[in-house]
Q: 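Structure incoming, see below.
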Amino acid sequence: MAEYLTPLDAGFLGVEDADRNVSMATGTLAVLDGPVPEFSDLQRTLADRLQGCPRFGQRLLRHALELSAPEWVNDPHFDVAQHIGRIAVPAPGGDGELHGVVADVMSWRLDRNRPLWEIWVISGLRDGRWALLMKVHHCVASGSATAHMLTGLSDNGVTAGTAHPATASHDAQAPHVRPLLDLNPVHWMYNLRGVLELASGLLAPVTSSLNGPITSRRRYSAARVPLNDIQQICRVFDVTVNDVVLSALTESYRDFMIRRGQVPQPDSLRTLVPESAMSTVLLPRLPVEESNPVQRLLAVRSRVARAKDSGQGFAGRAVMSAAGLLPVAWSAAAARLLGGLRQRGVVALATNVPGPAEPLEIMGCAVVGVFPVPPIALQLRTGVSVLSYAGELFIGVLADYEFAAVDELARGLEAAVARLVARSKRRKPLRDWHGLTLVHSA
């Protein structure tokens with residue numbers, strides 16, 4: 001049975017077609033304790049572990065005039081050696097040098113005449129460490145699936161509840177199913193506010209240096225925070241992990257604006273927050289104008305909840321479903337049109353995906369860090385992705401090369417979490433006679 005791209009996955013190609021400076025590849029950077037194995041042995045081991053996923057030996061066949069969706073076909077010239085390469089970071093091999101290599105690799109597009117993935121073995125890191133950078137086109141696997149590919153490549157193999165590379169490409173192995181569009185007028189009326197909020201948020205312009213034309217080059221930086229610290233904040237202030245991450249991101253962007261003489265406004269940080277592997281999107285207006293860290297955190301919780309309750313998720317699903325009902329040529333044209341628009345409504349992208357829960361090893365080397373690498377497109381000059389792994393949250397920030405403050409954003413995220421941890425330790429949750437948790441005001 002022929003396998004075709006879903007309209008959403010085909011849309012990622014369309015967005016890429018609309019802007020020659022956009023690459024819709026998503027990445028996962030794994031840092032390992034050394035010594036680095038012999039390259040030939042590592043290449044052979046990784047190739048063996050990738051055999052469980054036929055998609056990694058397939059390329060896309062696009063049909064004339066786009067009369068049907070792009071189709072996955074076996075690549076008769078597939079050579080794994082063309083997809084697993086090696087590169088060394090310059091001395092002294094610190095985080096800055098590693099992040100520079102990641103930015104360079106993520107800058108170039110994957111060759112559509114071959115299977116849409118690469119793995120780079122990165123040597124020369126300080127303290128005898130090395131790294132693996134897995135780069136996969138978004139039409140093959142989501143950021144979450146790319147992170148879980150690491151488990152399938154590890155010595156640990158497949159564990160309960162963890163995706164293997166054979167199932168990493170979301171919906172790619174399943175027969176193409178036409179999505180259902182909800183035409184119930186009651187549902188539309190109930191969610192009308194969310195539909196209007198999402199539409200107005202996308203269309204109403206915002207003056208910001210965070211969006212605009214992007215170049216072909218990238219910058220990358222990363223941060224990490226203990227999951228115990230995040231959970232401490234969640235317990236004391238009755239918020240979610242996602243609330244804490246978005247609050248820290250808001251503070252980092254706020255500080256960025258203030259240092260450049262800008263006055264943060266309530267509408268300054270409209271942030272696209274994909275959920276459920278991109279099937280739902282929210283567009284909360286993060287409280288960048290709020291100076292108090294605790295009040296900012298509580299405002300994030302409120303605004304995200306309000307965005308969900310208003311029906312923004314319903315609106316996002318409706319758009320995806322409607323796109324799936326269009327002829328392929330129409331949906332592809334719509335994606336290219338969207339990708340070419342000079343949108344000024346959204347200024348940031350933030351994703352949060354679960355990663356492997358247990359520590360991993362590859363050829364006996366411990367994986368000590370797993371950092372996500374999001375793509376940037378649609379004139380968004382920065383993208384932030386958060387991934388959990390083995391008791392820590394790892395944050396990756398990809399930015400256009402002209403956005404030189406990428407390290408500033410990453411360090412700001414760490415500092416914002418540290419401030420919330422300090423605030424959480426000043427007060428303890430109190431329990432009333434009914435078992436309800438109470439927290440002193442900020």
Q: For Ser424 and Val421, indicate whether the former's side chain and the latter's backbone hold a donor-acceptor pair under 3.5 Å.
A: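 The answer is yes, because a donor-acceptor pair under 3.5 Å joins these two groups.
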Q: Determine whether the aromatic ring centres of Phe78 and His83 lie less than 6.0 Å apart.
A: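 Under 6.0 Å, so yes.
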Q: Just wondering, do Arg296 and Pro287 contact through their side chains at under 4.5 Å, heavy atoms?
A: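 The answer is yes, as the side chains (C-beta and beyond) meet within the 4.5 Å cut-off.
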Q: Less than 3.5 Å apart, any donor N or O on the side chain of Thr215 or Asn21 sitting next to an acceptor on the other?
A: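 Checked: Thr215/Asn21 side chains show no N/O donor-acceptor pair below 3.5 Å.
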Q: Testing Val368, Thr28, Leu360 for side chain to side chain contact (heavy atoms under 4.5 Å, CB included) with Tyr389, which one passes?
A: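 For Tyr389, the side chain to side chain contact (heavy atoms under 4.5 Å, CB included) test succeeds with only one of Val368, Thr28, Leu360, which is Leu360.
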Q: Taking side chain as C-beta onward, heavy atoms only, is Arg235 less than 4.5 Å from Gln232?
A: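 With C-beta onward as the side chain, the pair touches.
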Q: Return the CG to CG distance between Asn156 and Leu150, rounded to the nearest 0.5 Å.
A: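 Between atom CG of Asn156 and atom CG of Leu150 there are 9.0 Å.
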Q: Within the 4.5 Å heavy-atom criterion, are Ser268 and Met257 side-chain neighbours or not?
A: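 With C-beta onward as the side chain, the pair touches.
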Q: Just wondering, do Leu13 and Leu5 contact through their side chains at under 4.5 Å, heavy atoms?
A: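 Yes, side chains in contact.
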Q: Mark yes or no: Arg59 above the aromatic ring of Trp72, with NZ or CZ under 6.0 Å from the six-membered ring centre and no more than 45 degrees from the axis.
A: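 The answer is no, since Arg59 fails at least one limit relative to Trp72.
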Q: For a 4.5 angstrom cut-off between non-hydrogen side-chain atoms, does Glu402 reach Arg219?
A: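 Side chain of Glu402 against side chain of Arg219, heavy atoms only: no contact under 4.5 Å found.
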Q: What's the separation between atom CD1 in Ile233 and atom OG1 in Thr240, rounded to the nearest 0.5 Å?
A: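 If I round to the nearest 0.5 Å, the distance is 11.5 Å.
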Q: Nearest 0.5 angstrom please: Thr26 OG1 to Phe12 CZ, how far?
A: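 One finds 9.5 Å between OG1 of Thr26 and CZ of Phe12.
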Q: So, does Arg224 use its side chain to make a donor-acceptor pair with the main chain of Phe394 at under 3.5 Å?
A: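 Pair absent, no side-chain N/O of Arg224 close to backbone of Phe394.
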Q: So does Asp238 get a backbone contact from the side chain of Arg301, meaning a donor-acceptor N/O pair under 3.5 Å?
A: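 A pair under 3.5 Å: yes.
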Q: Is a salt bridge present between Arg112 and Asp17, judged by a nitrogen-to-oxygen distance below 4.0 Å?
A: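 A salt bridge is present here (some side-chain N lies under 4.0 Å from a carboxylate O).
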Q: Indicate the atoms forming the closest heavy-atom contact of Leu398 with Ile376, along with that distance.
A: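 In this case the closest contact between Leu398 and Ile376 is O-CG2, 3.7 Å.
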Q: If we ignore angles and hydrogens, is there a donor and acceptor under 3.5 Å between the side chains of Tyr401 and Ser107?
A: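 On atom types as modelled, these side chains do not qualify, holding no pair under 3.5 Å.
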Q: Kindly indicate whether the side chain of Glu392, heavy atoms from C-beta on, has any atom under 4.5 Å from the side chain of Leu227.
A: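 No; the side chains remain at least 4.5 Å from each other.
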Q: State whether the side chain of Glu361 and the backbone N or O of Ser154 hold a donor-acceptor pair below 3.5 Å, judged by distance alone.
A: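 No: the side chain of Glu361 does not pair with the backbone of Ser154.
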Q: Any carboxylate oxygen within less than 4.0 angstrom of a Lys/Arg side-chain nitrogen, looking at Glu251 and Arg254?
A: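 Here Glu251 does not pair with Arg254 in a salt bridge, since their nearest N and O are not under 4.0 Å apart.
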Q: Evaluate the salt bridge (charged side-chain N to carboxylate O under 4.0 Å, His left out) criterion for residues Arg419 and Glu414: first the C-alpha distance (whole Å), next the side-chain angles of each, then the deciding distance (0.1 Å), finally the verdict.
A: CA-CA 9 Å; Arg419 273 189 282 273; Glu414 291 175 331; over 6 Å; no
Q: Of the options Val245, Val386, Val417, which is the one that meets Val225 in a side chain to side chain contact (heavy atoms under 4.5 Å, CB included)?
A: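 Passing option: Val417.
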Q: Applying ring pair (Phe, Tyr, Trp, His ring centres under 6.0 Å) between Phe403 and each of Tyr220, Phe256, Tyr253, report the one that passes.
A: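 Among Tyr220, Phe256, Tyr253, the one meeting ring pair (Phe, Tyr, Trp, His ring centres under 6.0 Å) with Phe403 is Phe256.
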Q: Are Leu132 and Leu29 close enough, and set up right, to give a side-chain contact (heavy atoms from CB on, under 4.5 Å), and what steps lead you there?
A: CA-CA 6 Å; Leu132 283 178; Leu29 174 69; over 6 Å; no
Q: Look at Arg114 together with Asp75 and state whether they make a salt bridge at an N to O cut-off of under 4.0 Å.
A: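 No, this pair does not count.
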Q: Test side-chain contact (heavy atoms from CB on, under 4.5 Å) on Leu409 and Ser221; report intermediate values, then the result.
A: CA-CA 8 Å; Leu409 281 184; Ser221 189; over 6 Å; no
Q: Show your working on salt bridge (charged side-chain N to carboxylate O under 4.0 Å, His left out) between Glu3 and Arg55 and close with a plain yes or no.
A: CA-CA 10 Å; Glu3 298 179 42; Arg55 184 67 76 241; 3.0 Å; yes
Q: Are side-chain heavy atoms of Leu387 and Ile395 found at a separation under 4.5 Å?
A: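 Leu387 vs Ile395: side chains apart.
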Q: Using salt bridge (charged side-chain N to carboxylate O under 4.0 Å, His left out), reason through Asp155 and Arg49 one step at a time and then give a plain yes or no.
A: CA-CA 10 Å; Asp155 303 342; Arg49 294 175 181 179; 3.0 Å; yes
Q: Between Arg126 and Glu97, is the closest basic N to carboxylate O distance under 4.0 Å?
A: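 Arg126 and Glu97: not salt-bridged.
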Q: Do Glu16 and His137 have side chains that get closer than 4.5 Å, going by heavy atoms?
A: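 Yes - at least one pair of side-chain heavy atoms lies under 4.5 Å apart.
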Q: Is a salt bridge present between Arg303 and Glu289, judged by a nitrogen-to-oxygen distance below 4.0 Å?
A: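 Looking at Arg303 and Glu289, the cut-off is met.
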